[in-house]
Undergrad: 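One structure, as C-alpha cells, below. Some questions next.
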Amino acid sequence: MENCIFCKIVAGEIPSPRLYEDEYMIVIRDIEPKAKLHYLCLPKTHFALLSEMDAARAEIVKHIFATIPTLEEKLGLQDGYRVIINQGENGGQTVHHLHVHLLGGEKLSDF
Ligand code: 5GP
Ligand code: ZN
C-alpha cells in the first residue's frame with residue numbers, strides 16, 4: 001500500500017528494529033511510547049480496520065493473538081500488559097494499517 005508508513009516499515013524502506021518477525025507479522029517499538037514498554041504488532045499485509053475482515057485476515061489476526069503470549073518474557077511483559085487496537089476516527093487510529101498495541105513495563109492507569 002503506497003504511502004502507508006507501516007507497509008514501509010514492513011518492507012524495510014523505513015528502518016525499525018524488529019523485536020520479533022515471522023511469516024505474518026513483525027513487532028517493533030512504538031516511536032512515541034505511551035508506557036514504559038510500548039510495542040506494535042504489525043501484520044505484514046495491509047488492511048486498515050477490523051471491519052475489513054475476511055477469512056485470510058482473520059487467520060492473521062488469530063495468529064497475532066496466538067503469538068503475543070509467546071513473546072511475554074522476551075518483551076518484558078511477564079507482569080501483565082494491555083492490548084489495544086484503535087479503530088477509526090473515534091478510536092483515535094492515526095495509522096491506517098491495522099496494528100495491535102502492547103503496553104506494559106509498569107502498572108498502567110485505569111481507563
Ligand atoms: P494508532 O493511533 O494508529 O493506534 O497508533 C499508531 C502508533 O504508531 C502511534 O502510537 C505512533 O506513535 C506510532 N508510530 C507512528 N509512526 C511510527 C513510526 O514511524 N515508527 C514507529 N515505530 N511507530 C510509529
Ligand atoms: Zn500498510
Side-chain angles (χ1 to χ4, degrees):
M1 182 77 168
E2 232 175 292
N3 292 327
C4 170
I5 198 157
F6 286 173
C7 281
K8 287 182 180 165
I9 287 173
V10 166
E13 290 164 24
I14 296 175
S16 185
R18 295 163 191 228
L19 305 175
Y20 174 79
E21 177 171 15
D22 65 28
E23 194 180 341
Y24 302 105
M25 63 183 279
I26 64 171
V27 179
I28 61 171
R29 284 182 201 281
D30 196 290
I31 205 169
E32 282 180 47
K34 316 297 186 297
K36 206 163 170 188
L37 297 175
H38 186 173
Y39 305 103
L40 300 172
C41 307
L42 312 183
K44 285 188 168 177
T45 53
H46 181 94
F47 63 108
L49 295 164
L50 289 169
S51 53
E52 295 167 18
M53 193 65 63
D54 60 18
R57 289 169 177 170
E59 281 305 312
I60 292 167
V61 172
K62 181 174 142 191
H63 174 79
I64 290 172
F65 276 88
T67 302
I68 287 167
T70 72
L71 300 176
E72 286 172 6
E73 271 195 34
K74 182 182 171 67
L75 298 178
L77 297 172
Q78 59 276 8
D79 293 332
Y81 52 101
R82 189 165 290 159
V83 181
I84 295 174
I85 304 180
N86 294 326
Q87 289 291 283
E89 183 71 24
N90 282 1
Q93 186 176 12
T94 58
V95 179
H96 300 281
H97 177 129
L98 186 124
H99 52 281
V100 180
H101 294 259
L102 304 177
L103 297 132
E106 62 184 320
K107 177 88 175 139
L108 300 170
S109 60
D110 293 340
F111 282 102

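All figures in this text were calculated on a predicted structure; none of them were measured in a lab. Whatever order the structure lists ligands and atoms in, that order sets their numbers, starting from 1.
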Undergrad: Tell me the contacting part of I28 for ligand 1: side chain, backbone, both, or neither, using a 4.0 Å heavy-atom threshold, strictly below.
TA: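 The side chain, only.
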Undergrad: To the nearest 0.5 Å, how far apart are CG in L108 and CG in L103?
TA: 6.0 Å
Undergrad: Among all protein heavy atoms in this structure, tell me which lies nearest to atom 23 (N) of ligand 1, with the distance rounded to 0.1 Å.
TA: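 Answer, as residue, atom name and distance: I31 N, 3.3 Å.
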Undergrad: Can you tell me the protein heavy atom closest to atom 7 (C) of ligand 1 and the distance?
TA: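 Among all protein heavy atoms, the one nearest atom 7 (C) of ligand 1 is D30 OD2, 3.4 Å.
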Undergrad: Going by atom types alone, do E72 and Y81 pair a side-chain donor with an acceptor below 3.5 Å?
TA: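 Yes.
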Undergrad: Hey, does K8 have a side-chain heavy atom less than 4.5 Å from the side chain of N3?
TA: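 Sidechains of K8 and N3: in contact.
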Undergrad: Provide the atom name of the closest N, O or S atom of H46 relative to the Zn ion (ligand 2).
TA: ND1
Undergrad: Please identify which atoms of ligand 1 are closer than 4.0 Å to at least one heavy atom of G92.
TA: 2 (O)
Undergrad: Give the atom numbers and elements of ligand 1 that come within less than 4.0 Å of a heavy atom of R29.
TA: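 Contacts of ligand 1 toward R29, numbered from 1: 21 (C), 22 (N).
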Undergrad: Could you check H101, R29, R82 and say which one makes a side-chain hydrogen bond (donor to acceptor under 3.5 Å, both in side chains) with H38?
TA: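 When H101, R29, R82 are each tested with H38, the side-chain hydrogen bond (donor to acceptor under 3.5 Å, both in side chains) holds only for H101.
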Undergrad: Same cluster or not: are Y24 and V10 linked, directly or through other Ile, Leu, Val, Met, Phe, Trp or Tyr residues, by side-chain heavy atoms under 4.5 angstrom apart?
TA: no
Undergrad: Return yes if some donor-acceptor pair links the side-chain N/O of Y39 with the main-chain N/O of L75 below 3.5 Å, else return no.
TA: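 At least one qualifying donor-acceptor pair exists.
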Undergrad: Is it true that K44 and E23 make a salt bridge, defined as a side-chain N closer than 4.0 Å to a carboxylate O?
TA: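 Between E23 and K44 there is no salt bridge, as every charged N stays at least 4.0 Å from the carboxylate O atoms.
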Undergrad: Numbering the atoms of ligand 1 from 1, which are under 4.0 Å from a heavy atom of H101?
TA: 1 (P), 4 (O), 5 (O), 7 (C), 10 (O)
Undergrad: Run the numbers for me: atoms of ligand 1, each under 4.0 Å from some heavy atom of E32, listed by number.
TA: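 Those of ligand 1 that fall under 4.0 Å from E32 are 12 (O).
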Undergrad: Restricting to N, O or S atoms of H97, which is nearest to the Zn ion (ligand 2)?
TA: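 Result for H97 and the Zn ion (ligand 2): ND1.
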Undergrad: Tell me, which protein residue and heavy-atom name are nearest atom 8 (O) of ligand 1, and how many Å apart are they?
TA: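 Going atom by atom, the protein heavy atom closest to atom 8 (O) of ligand 1 ends up being F6 CZ, 3.4 Å.
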Undergrad: Please work out whether any backbone atom (N, CA, C, O) or any side-chain heavy atom from C-beta onward of H96 is under 4.0 Å from ligand 1, and answer side chain, backbone, both or neither.
TA: neither
Undergrad: For atom 20 (N) of ligand 1, what's the nearest protein heavy atom and its distance?
TA: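 Result for atom 20 (N) of ligand 1: I9 CD1, 3.7 Å.
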Undergrad: Give a yes or no on whether the backbone of F6 and the side-chain of H46 come within a donor-acceptor separation of less than 3.5 Å.
TA: no
Undergrad: Is the CG atom of D54 crowded by more than 12 outside heavy atoms at less than 6.0 Å?
TA: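 Count over threshold, so yes.
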Undergrad: Return the closest protein heavy atom for atom 19 (O) of ligand 1 as residue, atom name and distance.
TA: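 Result for atom 19 (O) of ligand 1: I5 CD1, 3.6 Å.
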Undergrad: Quick check against the 3.5 Å criterion: does E106 have a side-chain atom that pairs as donor or acceptor with the backbone of K36?
TA: yes
Undergrad: Just which atoms of ligand 1 are under 4.0 Å from any heavy atom in N86?
TA: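 Every atom of ligand 1 under 4.0 Å from some heavy atom of N86: 1 (P), 2 (O), 4 (O).
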Undergrad: Of all the non-hydrogen atoms in the protein, which one sits nearest to atom 3 (O) of ligand 1, and at what distance?
TA: T94 N, 2.7 Å
Undergrad: Side chain, backbone, both or neither: which part of I14 comes within less than 4.0 Å of ligand 1 when only heavy atoms are counted?
TA: neither
Undergrad: Do you know which of V27, L77, V100 makes side chain to side chain contact (heavy atoms under 4.5 Å, CB included) with I68?
TA: V100
Undergrad: So, regarding K34 and ligand 1 (criterion: nitrogen or oxygen to nitrogen or oxygen, under 3.5 Å), is there a contact or not?
TA: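 Yes.
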Undergrad: Just to confirm my output: which protein heavy-atom neighbour is closest to atom 1 (P) of ligand 1, and how far is it?
TA: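 Its nearest protein heavy-atom neighbour is H99 NE2, 3.2 Å.
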